[in-house]
Amino acid sequence: MNSTNELIEQLPSLLHRARQRPGTNSLAGALAAECGLAESTVREALARAFSLTLTGSAETEAPLAVDLDRLPLAYCRERAVLPVRIGDQLHFLADDPWDIALIQRLTDLCGGVPRLIWSRRVEILARLDAALALAQARRTGDDPNEGALGTGSDQTAREISLESIERAPGASVRHVDLAVLEAWQAGASDIHFETRRDALEIKLRLDGVLIPLARHPGGRDAEQVINRIKVLAQLDISETRIPQDGRFRARVAGRELDFRVSIMPSIHGEDAVVRLLDKAQLRQVDGELALDALGLDARSLACIRQVAAEPHGMLLVTGPTGSGKTTTLYAVLSELNTGFEKIVTIEDPVEYELPGVLQIPVNEKKGLTFARGLRSILRHDPDKILVGEIRDSETAEIAVQASLTGHLVFTTVHANNVYDVVERFTHMGVDLHGFASAVNGIIAQRLLRLNCPHCSQPDPTALNILAQRLDAAELARATPQRGKGCERCRGTGFMGRKAVAEVVPLDHTLRQLIVQRAPGLQLREHVASLGISNLRQAAYRRVAQGLTTLEEVSRVLGSLD
């Protein structure tokens, strides 16, 4: 369809077909799919032609108060309609303003021509669920839209502090807000709300390990806290049988944070995990991401910078989930971001903002996968590309081809070590000639907890093990320590984490060995001949420097050599 005039002329037949399309989030979206126009174009054109008010327009900037008493809830869900008040006037959010039976019912209800606001089905149902949750909570004296946290419906970031928690009207509000505040103050990455048979347990993932935070007896507290989190993240409060994902925003101690929410059904109700996404936590005082702050040794940093300075090719970072792979690539990109080159990322999700960088979130529900997004990025004239993760053969092939055709590609892949990366790409069906030509370097990375600086004390017993792992010169300088646990480290003996890495640049010989499918042992021997320390050697040097413990190395690396 070439014009909006054709859209209006063909609207009856388009409406008929659009209403038959299953699983659409809005009638406007279905119409757009039928006529081949953008949804925004369809909405604006039909709103002008039929004098419809759109959500997001100046008229709807005022607060919309949902009126739950005007229509049966089942009817609202079925027809995607919602009565709302703007000031003293009654309006109706409607997904299908051309539904004759709906218009007739609304006309009879208000005794005249109904004031319609054309909205999307998904937005209407989200507002309805939030209103139901609010009404339910008010009946129990626990208002989920009051308190410190901003709600997911308007993404307003309200301030959270001890003072605001004291003023919170309900127990569930106080429990959630206090957990968020303590998690941020402790530097935790996640908050786990676990429903037990007779209690709610709250834990923090601090430096990669779960630490108990609070326990609230009684099943009612658990249900109300989970409902509070659902309301914040705009999730369905009535659905308790399937997983749900969402996000919300809040201001904590003056800093705006994003929170990613995962709800999971369990035998005792539901559990929730809230991930803290602090877009500024990787930055130095001057606002720049800090590669030096990752804690890598000088040789590894120099090697990473050398590989990243190549005009084209691929830099791969490997390691398990939570090993800091994306953080390392963000820090590298920050140093390369001079403003003279186009840098584009595709991530799932975008967790931190990089100024001056085009960042694209994966949206598999809408068909935006890593592979599809990467194909589109290549048409956007990029110089450097970050692919959040290579998960499949299609993405791997495109990334390799992009690095061979003049682009510098940064990406991550799940593998245990540098040598397993080769096997991973082989299993994906990637041509090893292309792979070996494309890759400039591979980083295998882990995060080790650091000894608490406030309670660490010498640990001479570690010298016996280190004597078997280090040369005489390194052993002579070794000063191993161990944190005994104190109030500042919550009794763990650790505070913070730093990266430890094995950085392997690909030289001509290593490329030949890869193409020849040489065994891993031969690859290891060649890398060792270059004087490159493996992960375990690098970790033992951290123990010798008094930065961490042998037990922490074993916990993170296991039997890996």
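A quick note: this is a predicted structure, and the numbers were derived from the prediction, not measured. For this chain, numbers begin at 1 and follow the sequence in order. Heavy-atom basis, side chains included; hydrogens, waters and symmetry copies ignored.
For R482 and E551, the salt-bridge test passes: some basic side-chain N is under 4.0 Å from an acidic carboxylate O. Using a 4.0 Å cut-off between a side-chain N of Lys or Arg and a carboxylate O of Asp or Glu, D383 and K342 do not qualify as a salt bridge.
Summarising the local packing, CZ of R215 is surrounded by more than 12 heavy atoms from other residues, nucleotides or ligands at distances under 6.0 Å. In this structure, E487 places its CD atom where only 12 or fewer heavy-atom neighbours from other residues, nucleotides or ligands lie under 6.0 Å away. Shown here is D381, whose CG atom has no more than 12 heavy atoms of other residues, nucleotides or ligands within 6.0 Å.
Every residue two or more places apart in sequence or in another chain was checked for a salt bridge (charged side-chain N to carboxylate O under 4.0 Å, His left out) with E397, and none qualifies. The salt bridge (charged side-chain N to carboxylate O under 4.0 Å, His left out) check on R488 picks up nothing, with sequence neighbours excluded. Take L235 and apply the side chain to side chain contact (heavy atoms under 4.5 Å, CB included) test, not counting sequence neighbours, and it matches K230, A233, Q244, V261, I263. Applying the salt bridge (charged side-chain N to carboxylate O under 4.0 Å, His left out) test to E364 and every residue at least two apart in sequence or in another chain returns R391. Scored by the side chain to side chain contact (heavy atoms under 4.5 Å, CB included) test, E423 finds H427 as partners (sequence neighbours excluded). Scored by the side chain to side chain contact (heavy atoms under 4.5 Å, CB included) test, V273 finds D190, H192 as partners (sequence neighbours excluded). A search for salt bridge (charged side-chain N to carboxylate O under 4.0 Å, His left out) contacts involving E341 returns K384, not counting sequence neighbours. A search for side chain to side chain contact (heavy atoms under 4.5 Å, CB included) contacts involving Q481 returns N451, S456, not counting sequence neighbours.
The CZ atom of R372 sits 13.0 Å away from the OG1 atom of T395 when rounded to the nearest 0.5 Å. Here the CG atom belonging to L232 is positioned 13.5 Å from the CZ atom belonging to R249, to the nearest 0.5 angstrom. Distance check, rounded to the nearest 0.5 Å: CD1 of I202 to NE2 of H175 gives 7.0 Å. Within the model, atoms CD1 of I226 and CG of L200 stand 6.5 Å from one another, a figure rounded to the nearest 0.5 Å. One distance of note links CG of L470 with CG of L463; it measures 9.5 Å at 0.5 Å rounding. For the atom pair CG (D507) and CD (Q512), the distance works out to 9.5 Å, reported to the nearest 0.5 Å.
Between the side chain of R205 and the backbone N or O of G208 there is at least one donor-acceptor pair closer than 3.5 Å. A donor-acceptor pair under 3.5 Å is absent between the side-chain atoms of E394 and the main chain of A371, judged by distance alone. Under the 3.5 Å distance criterion, the side-chain polar atoms of S334 are left unmatched by any main-chain donor or acceptor of A331. The closest donor-acceptor contact from the side chain of T195 to the backbone of E270 lies under 3.5 Å. T318 contributes a side-chain N or O that, together with a main-chain N or O of V413, makes up a donor-acceptor pair within less than 3.5 Å. No donor-acceptor distance shorter than 3.5 angstrom exists from the side chain of R446 to the backbone of G319, with no hydrogens or angles considered. At least one donor-acceptor pair under 3.5 Å links the side chain of T548 to the backbone N or O of R449. Looking at R251, its side chain never comes within 3.5 Å of a backbone N or O of L257 through a donor-acceptor pair. Side chain of Q445 to main chain of A499: no donor-acceptor pair is present (N/O by atom type, distance under 3.5 Å, no hydrogens or angles).
In terms of heavy-atom proximity, M264 sits nearest to P243 at SD-CG, 3.6 Å. Of all heavy-atom pairs spanning L374 and I346, the tightest one is N-CD1, 4.2 Å. What you find for L204 and A179 is that their closest heavy atoms are CD2-O, 4.5 Å. Looking at every heavy atom in both residues, R536 comes nearest to V553 through NH1-CG1, 4.0 Å. The nearest pair of heavy atoms linking T411 to V387 is OG1-O, 2.9 Å. Closest heavy-atom contact between G388 and T412: O-OG1, 2.6 Å.
Inter-residue side-chain proximity for L333 and L329 is flagged as unmet; no heavy-atom pair is nearer than 4.5 Å. The shortest distance between side-chain heavy atoms of L294 and L291 falls below 4.5 Å. A heavy-atom distance below 4.5 Å is found between the side chains of P382 and H407. Side chains of V332 and I304 form a contact here, defined as non-hydrogen atoms less than 4.5 Å apart. Between I360 and T345 there is no side-chain heavy-atom pair separated by less than 4.5 Å. By the 4.5 Å heavy-atom criterion applied to side chains, K325 and I443 are not counted as neighbours. At a threshold of 4.5 Å between non-hydrogen side-chain atoms, the residues D258 and R275 do not count as touching. F259 places none of its side-chain heavy atoms less than 4.5 Å from the side chain of R247.
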- So T549 and F494, side chain to side chain contact (heavy atoms under 4.5 Å, CB included) or not? Walk me through it. CA-CA 10 Å; T549 66; F494 296 97; 3.8 Å; yes
- Query: So V357 and V344, side chain to side chain contact (heavy atoms under 4.5 Å, CB included) or not? Walk me through it.
  - Reply: CA-CA 6 Å; V357 175; V344 185; over 6 Å; no
- Report the C-alpha distance between Q522 and L513 in whole Å, list the side-chain angles of each, state the deciding distance to 0.1 Å, and finish with yes or no for side chain to side chain contact (heavy atoms under 4.5 Å, CB included). CA-CA 8 Å; Q522 193 172 351; L513 291 173; 3.4 Å; yes
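If you run side chain to side chain contact (heavy atoms under 4.5 Å, CB included) between F410 and each of V317, L336, T326, only L336 comes through.
Residue pairs meeting the salt bridge (charged side-chain N to carboxylate O under 4.0 Å, His left out) criterion with at least one partner in residues 297-318, sequence neighbours excluded, are D292-R305, R305-E335. Applying the side-chain hydrogen bond (donor to acceptor under 3.5 Å, both in side chains) definition to pairs two or more places apart or across chains, those involving residues 259-269 are R260-E351. Residue pairs that meet the salt bridge (charged side-chain N to carboxylate O under 4.0 Å, His left out) test with at least one member in residues 540-549, sequence neighbours left out, are E474-R541.
Residues T461 and D459 have side chains that bring a donor and an acceptor to within less than 3.5 angstrom of each other.
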Let me check something: any side-chain donor-acceptor pairs from residues 431-440 under 3.5 Å, sequence neighbours excluded? List them with distances.
unit_1 : atom_1 : unit_2 : atom_2 : d
D431   : OD2    : G434   : N      : 3.0
S437   : OG     : H433   : O      : 2.9
N440   : ND2    : H312   : O      : 2.9

